[in-house]
Amino acid sequence: MLKQQYSKGNKLVWTGFLLGILFKVLPVFSTPETFPGLASFAPIFNILAIVFLIVLIYGLVLVLKSRGRHWAWILLLLPLNAIGIVVIYMLKDKLPQETPAPTYNQN
């Protein structure tokens with residue numbers, strides 16, 4: 001269950017991060033002089049950037065939950081942008097690790 005939660009969260013983090021950057025950069029280059037066809041879509045690109053920021057935050061919440069951490073870590077680390085995301089991925093698991101059952105050699 002936790003591996004599935006981590007996997008889903010990881011996918012959402014990368015999707016939100018990369019598409020968020022894309023939709024924040026597109027309005028910069030879509031001026032009427034450079035790309036007149038995209039200039040009318042600039043407000044939509046800003047809205048999509050906000051949507052993918054929410055996807056990024058939800059993915060980070062799933063990653064934190066899979067590691068046994070509280071979601072409030074995002075409030076501390078998200079203002080650091082990419083460095084905060086790296087710190088979230090470097091946090092150690094607080095969940096108890098499953099130890100394998102001891103095996104006895106019956107020779």
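- Taken together through direct or relayed side-chain contacts under 4.5 Å among Ile, Leu, Val, Met, Phe, Trp and Tyr, Ile50 and Leu12 form parts of separate hydrophobic clusters.
- Using modelled atom types, one side-chain atom of Arg67 and one backbone atom of Leu91 make a donor-acceptor pair closer than 3.5 Å.
- Hydrophobic clustering places Phe17 together with Leu80 (ILVMFWY residues linked when any side-chain heavy atoms are closer than 4.5 Å, directly or through intermediates).
- Leu53 and Leu76 fall within the same hydrophobic cluster, where Ile, Leu, Val, Met, Phe, Trp and Tyr residues are linked whenever their side-chain heavy atoms come under 4.5 Å apart, directly or through other members.
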- side chain to side chain contact (heavy atoms under 4.5 Å, CB included) evaluation trace for Val63 with Gln5: CA-CA 7 Å; Val63 168; Gln5 197 173 29; over 6 Å; no
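- By the side-chain hydrogen bond (donor to acceptor under 3.5 Å, both in side chains) test, Asn10 pairs with Trp14, Tyr89, sequence neighbours left out.
- Partners of Thr15 according to the side-chain contact (heavy atoms from CB on, under 4.5 Å) rule, which considers only residues two or more places apart in sequence or in another chain, are Leu19, Phe52.
- The ring-ring contact (aromatic ring centres under 6.0 Å, His included) contacts involving residues 55-79 comprise nothing, where partners must be two or more places apart or lie in separate chains.
- To the nearest 0.5 Å, atoms CZ (Arg69) and CG (Asp93) are separated by 8.0 Å.
- By the rule that hydrophobic residues join a cluster once side-chain heavy atoms approach within less than 4.5 Å of another member, Tyr6 and Met90 end up as members of separate clusters.
- In this structure, the side-chain contact (heavy atoms from CB on, under 4.5 Å) partners of Val87, at least two apart in sequence or on a different chain, are Leu77, Ile83.
- Residues passing the side-chain contact (heavy atoms from CB on, under 4.5 Å) test with Ile74, sequence neighbours excluded: Ile57, Leu60, Val61, Leu64, Leu78, Ile88.
- Nearest heavy atoms, Gly20 versus Ala49: O-CB, 4.1 Å.
- Under a hydrophobic-cluster definition in which Ile, Leu, Val, Met, Phe, Trp and Tyr are linked whenever side-chain heavy atoms come within less than 4.5 Å, directly or via other members, Val13 and Leu18 are assigned to the same cluster.
- Across all their heavy atoms, Gly68 and Lys94 have their closest contact at O-CB, 3.8 Å.
- Residues forming a side-chain contact (heavy atoms from CB on, under 4.5 Å) with Leu26 (at least two apart in sequence, or on another chain): Leu22, Phe23, Phe45.
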